[in-house]
Amino acid sequence: MSFTVNTLRNVTTACQQMRDHIKTIVFRPDAHKTLDITFGPTVAAELIGRTPEALAKAESKGRLPQPKQLPNGRRYYTLEDLTQIREALGIHVGKQPDEDAVVLAVQNFKGGVGKSTITKHLADYLALHGYRVLVIDCDPQASTTTMFDIQPETLIDDDQTLGAFLSPRSTFSNFAETIRDTPWPTIKIVPSSLGLQDAEWDLTSTLREGGQAVRESLQALRIGIASVTKDFDVILLDPPPAMGFLGLNVMAAATGLLIPVPARQLDYLSTIHFMDTIADNIEILEQNGTPVNYGFIRVVCSTFSPNKPGENDMWRIMQATYAGLLLGQPILASEEIKNATQAFRSIYESKPSASHQTYTRCRDNLDAVFGEVEQQIRQQWPSTSLTGVDAGVSVAA
């Protein structure tokens with residue numbers, strides 16, 4: 001083994017050991033993430049779409065079980081309780097059984113725009129509000145996979161992975177078997193694995209064969225998703241930061257596009273190239289028998305610091321040039337988000353790291369941003385598009 005290879009292997013081993021040590025501290029005692037999320041009556045009622053009084057009335061009449069109580073008598077609910085309450089009250093949040101999931105790609109080629117962080121937080125937000133979510137990590141860097149407490153190296157000997165499904169050399173063809181559980185009861189994930197990089201090469205090799213082989217390689221992910229699209233409300237795609245065959249698969253599979261762009265000049269300029277490249281590659285897909293027509297495209301300003309004059313100027317430029325596409329609320333830069341992700345968590349599954357006011361401001365901001373995305377998602381389903389976000393919720397408490 002060469003000096004270079006040996007050095008890199010040693011560094012990798014040391015980093016993996018340190019990562020595992022950090023996890024034993026963060027996720028004591030078993031080094032795995034467990035959800036410790038509870039809600040008081042007011043927050044629980046808000047997430048369900050009812051008033052605290054309506055919940056208490058349903059509980060008193062026996063339509064709902066009595067909530068759990070702390071030693072001090074304070075009532076609280078768990079995430080599982082919210083799911084059971086929705087079922088008991090006939091509250092249906094997502095699509096109808098005959099409708100397809102919205103497949104949303106969170107994509108930008110520029111690194112450091114918050115792509116994986118947004119994917120994780122959006123998944124958690126949607127789950128809190130009652131949606132069934134599938135996250136598909138298509139990035140070999142596997143940041144989103146790690147956030148959901150799955151280590152990519154544990155899949156190295158697994159034959160039922162996304163890489164095996166996408167590779168034209170593999171005989172594995174059951175996409176549903178790539179889906180794993182997460183600590184969230186209503187979020188599933190197709191994790192990234194080390195085989196994804198190999199799958200990229202295998203997909204690229206179909207260029208030599210041409211014709212039908214290329215068409216099949218471009219549609220592989222779309223075909224896989226089609227087999228499970230009735231089982232989820234929203235499918236979130238975290239693409240690689242480049243437009244190879246993996247990226248083309250994501251673009252072909254998506255039905256909506258969310259583009260994170262920080263309010264910085266270089267990020268803004270690079271996004272011009274990104275959008276042009278996306279348009280070029282959609283034309284390539286269509287020329288190869290893979291039509292693409294997104295139900296919506298939205299730009300979200302990410303990691304925004306309103307106290308920085310340069311970023312305020314860029315925010316105004318974005319408002320002028322992305323008119324009709326830019327979400328009305330930017331995602332504010334926050335130490336709360338940084339601290340949560342360092343603990344392999346989102347804001348929605350972590351406690352305040354600083355003041356409660358700072359945490360609440362951060363979470364309220366994310367709720368506002370993702371509320372806009374939720375509206376776009378719901379407009380894609382005929383059963384909810386006419387009456388907006390409250391459609392599909394039935395049977396008052």
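Reckoned from all heavy atoms, side chains included, excluding hydrogens, waters and symmetry mates.
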statement: Here the gap from Leu248 atom CG to Leu221 atom CG, rounded to the nearest 0.5 Å, amounts to 11.5 Å

query: What's the verdict on side chain to side chain donor-acceptor pair (under 3.5 Å) for Asp149 and Thr182, showing C-alpha distance, side-chain angles and the deciding distance?
result: CA-CA 8 Å; Asp149 197 29; Thr182 76; over 6 Å; no

- request: Indicate the atoms forming the closest heavy-atom contact of Ala333 with Ser305, along with that distance.
  value: CB-OG, 3.6 Å

- request: Could I get the full list of side chain to side chain contact (heavy atoms under 4.5 Å, CB included) partners for Asn72, not counting sequence neighbours?
  value: Leu70, Arg74

message: I'd like to know if the side chain of Gln160 and the backbone of Phe172 have a donor-acceptor N/O pair within less than 3.5 Å.
response: no

- request: Look up atom OG1 in Thr145 and atom CG in Leu155, then write down how far apart they are to the nearest 0.5 Å.
  value: 8.0 Å

- line: So salt bridge (charged side-chain N to carboxylate O under 4.0 Å, His left out) across residues 79-91, not counting sequence neighbours, yields Lys68-Asp81

- request: Look at the side chain of Arg180 and the backbone N and O of Thr178, then say whether any donor-acceptor pair between them is shorter than 3.5 Å.
  value: yes

Residues forming a side chain to side chain donor-acceptor pair (under 3.5 Å) with Asp202, sequence neighbours excluded: Ser167, Arg169

message: We want to know whether Asp139 and Ser192 form a side-chain donor-acceptor pair, criterion being a heavy-atom distance below 3.5 angstrom.
response: no

message: Under 3.5 Å, is there a donor on one side chain and an acceptor on the other for Tyr131 and Arg378?
response: yes

- request: Measure the acute angle between the ring planes of Phe304 and Trp315, then classify it against the limits of 30° and 60° as parallel, tilted or perpendicular.
  value: tilted

message: Does Leu104 form a side-chain contact (heavy atoms from CB on, under 4.5 Å) with Ile235? I'd like the steps, not just the answer.
response: CA-CA 6 Å; Leu104 179 60; Ile235 298 175; over 6 Å; no

task: Calculate, to the nearest 0.5 Å, the distance between atoms CD and CD1 belonging to Gln342 and Ile337 respectively.
output: 12.5 Å

message: Enumerate the ring-ring contact (aromatic ring centres under 6.0 Å, His included) contacts for residues 36-84, please, sequence neighbours excluded, ordered by first and then second residue.
response: none

query: Is there a path of hydrophobic side-chain contacts, each under 4.5 Å between heavy atoms of I, L, V, M, F, W or Y residues, that connects Leu269 with Met318?
result: yes

field: Donor-acceptor contact below 3.5 Å, side chain Thr341 vs main chain Phe344
entry: no

field: Salt bridge Asp267-Arg264, side-chain N to carboxylate O under 4.0 Å
entry: yes

Donor-acceptor contact below 3.5 Å, side chain Tyr322 vs main chain Arg298: no

message: Let me confirm one number: the CD-CG distance from Glu216 to Leu203, rounded to the nearest 0.5 Å.
response: 11.5 Å

- prompt: So, the side chain of His121 versus the backbone of Ile347: is there a donor-acceptor pair under 3.5 Å, distance only?
  reply: yes

- request: Compare all side-chain heavy atoms of Val106 with those of Leu237 and state whether any distance is below 4.5 angstrom.
  value: no

- request: Name all residues meeting the salt bridge (charged side-chain N to carboxylate O under 4.0 Å, His left out) criterion together with Arg316; count only those two or more places apart in sequence or in a different chain, and write none if there are none.
  value: Asp313

query: Can you find a pair of side-chain heavy atoms, one from Val369 and one from Leu122, that are under 4.5 Å apart?
result: no

query: Any side-chain heavy atom of Val190 sitting closer than 4.5 Å to one from Asp137?
result: no

- prompt: Listed by chain and number, what are the salt bridge (charged side-chain N to carboxylate O under 4.0 Å, His left out) partners of Arg75, not counting sequence neighbours?
  reply: Glu59

message: Measuring only between side-chain heavy atoms, which start at C-beta, is Val133 closer than 4.5 Å to Phe232?
response: no

query: Can you find a heavy atom in the side chain of Leu285 that is under 4.5 Å from one in the side chain of Leu218?
result: yes

task: Report yes or no: does Glu349 contribute a side-chain atom to a donor-acceptor pair with the main-chain N or O of Ser346 at less than 3.5 Å?
output: yes

query: Would you say the side-chain atoms of His129 pair up with the backbone N or O of Tyr125, donor to acceptor, closer than 3.5 Å?
result: yes

task: Just jot down the salt bridge (charged side-chain N to carboxylate O under 4.0 Å, His left out) partners of Lys188, sequence neighbours excluded, or say none.
output: Asp181

query: If only atom types and distance count, is the side chain of Thr360 paired as donor or acceptor with the main-chain N or O of Gln357 below 3.5 Å?
result: no

Which residues share a salt bridge (charged side-chain N to carboxylate O under 4.0 Å, His left out) with Glu335, sequence neighbours left out: Lys338

query: Counting N and O atoms only, with roles assigned by atom type, does the side chain of Asn249 sit under 3.5 Å from a partner on the main chain of Leu166, one being a donor and the other an acceptor?
result: no

task: For Gln107, check side chain to side chain donor-acceptor pair (under 3.5 Å) against everything at least two apart and list the hits.
output: none

query: Taking ILVMFWY side chains as joined if any heavy atoms are under 4.5 angstrom apart, and letting links pass through other members, which residues group with Ile284?
result: none

task: State which residues pass side chain to side chain contact (heavy atoms under 4.5 Å, CB included) with Thr186; sequence neighbours excluded, sorted by chain then number.
output: Thr83, Ala127

- prompt: Does any donor atom in the side chain of Ser383 or Glu99 lie under 3.5 Å from an acceptor atom in the other side chain?
  reply: yes

task: Examine Val250 and Ile223 and state if one hydrophobic cluster contains both, with Ile, Leu, Val, Met, Phe, Trp and Tyr joined whenever side-chain heavy atoms are less than 4.5 Å apart.
output: no

Distance-minimising heavy-atom pair for Leu79 and Pro185: CD2-CD, 3.6 Å

query: Do Met251 and Asn281 touch side chain to side chain, with heavy atoms closer than 4.5 Å?
result: no

Of all pairs that satisfy side-chain hydrogen bond (donor to acceptor under 3.5 Å, both in side chains), the ones with a partner from residues 218-243, not counting sequence neighbours: Asp100-Lys230, Lys115-Asp238, Ser116-Asp238, Arg132-Asp233, Thr144-Asp238, Gln219-Thr290

Separation of Leu236 CG from Leu258 CG (nearest 0.5 Å): 9.0 Å

Tyr359 versus Asp364, side-chain donor and acceptor atoms under 3.5 Å: no

- prompt: Within the side chain of Gln376, is there an N or O that forms a donor-acceptor pair under 3.5 Å with the backbone of Glu372?
  reply: no

message: For the residue pair Ser355 / Thr358, report whether a side-chain donor-acceptor contact shorter than 3.5 Å exists.
response: yes

query: According to a 4.5 Å side-chain heavy-atom criterion applied to Ile, Leu, Val, Met, Phe, Trp and Tyr, with indirect links allowed, do Val299 and Ile317 form part of one hydrophobic cluster?
result: yes

- prompt: Does the pair Val300 and Ile259 meet the rule for a side-chain contact (heavy atoms from CB on, under 4.5 Å), with working shown?
  reply: CA-CA 6 Å; Val300 57; Ile259 307 172; over 6 Å; no

query: Rounded to the nearest 0.5 Å, what separation is found between the CD1 atom of Ile179 and the CG atom of Leu162?
result: 10.5 Å

message: Please verify the inter-ring angle class for Phe175 with Phe165; under 30° counts as parallel, over 60° as perpendicular, anything in between as tilted.
response: perpendicular

query: Looking only at heavy atoms, what is the nearest atom pair of Thr303 and Pro262, with distance?
result: OG1-CB, 3.7 Å

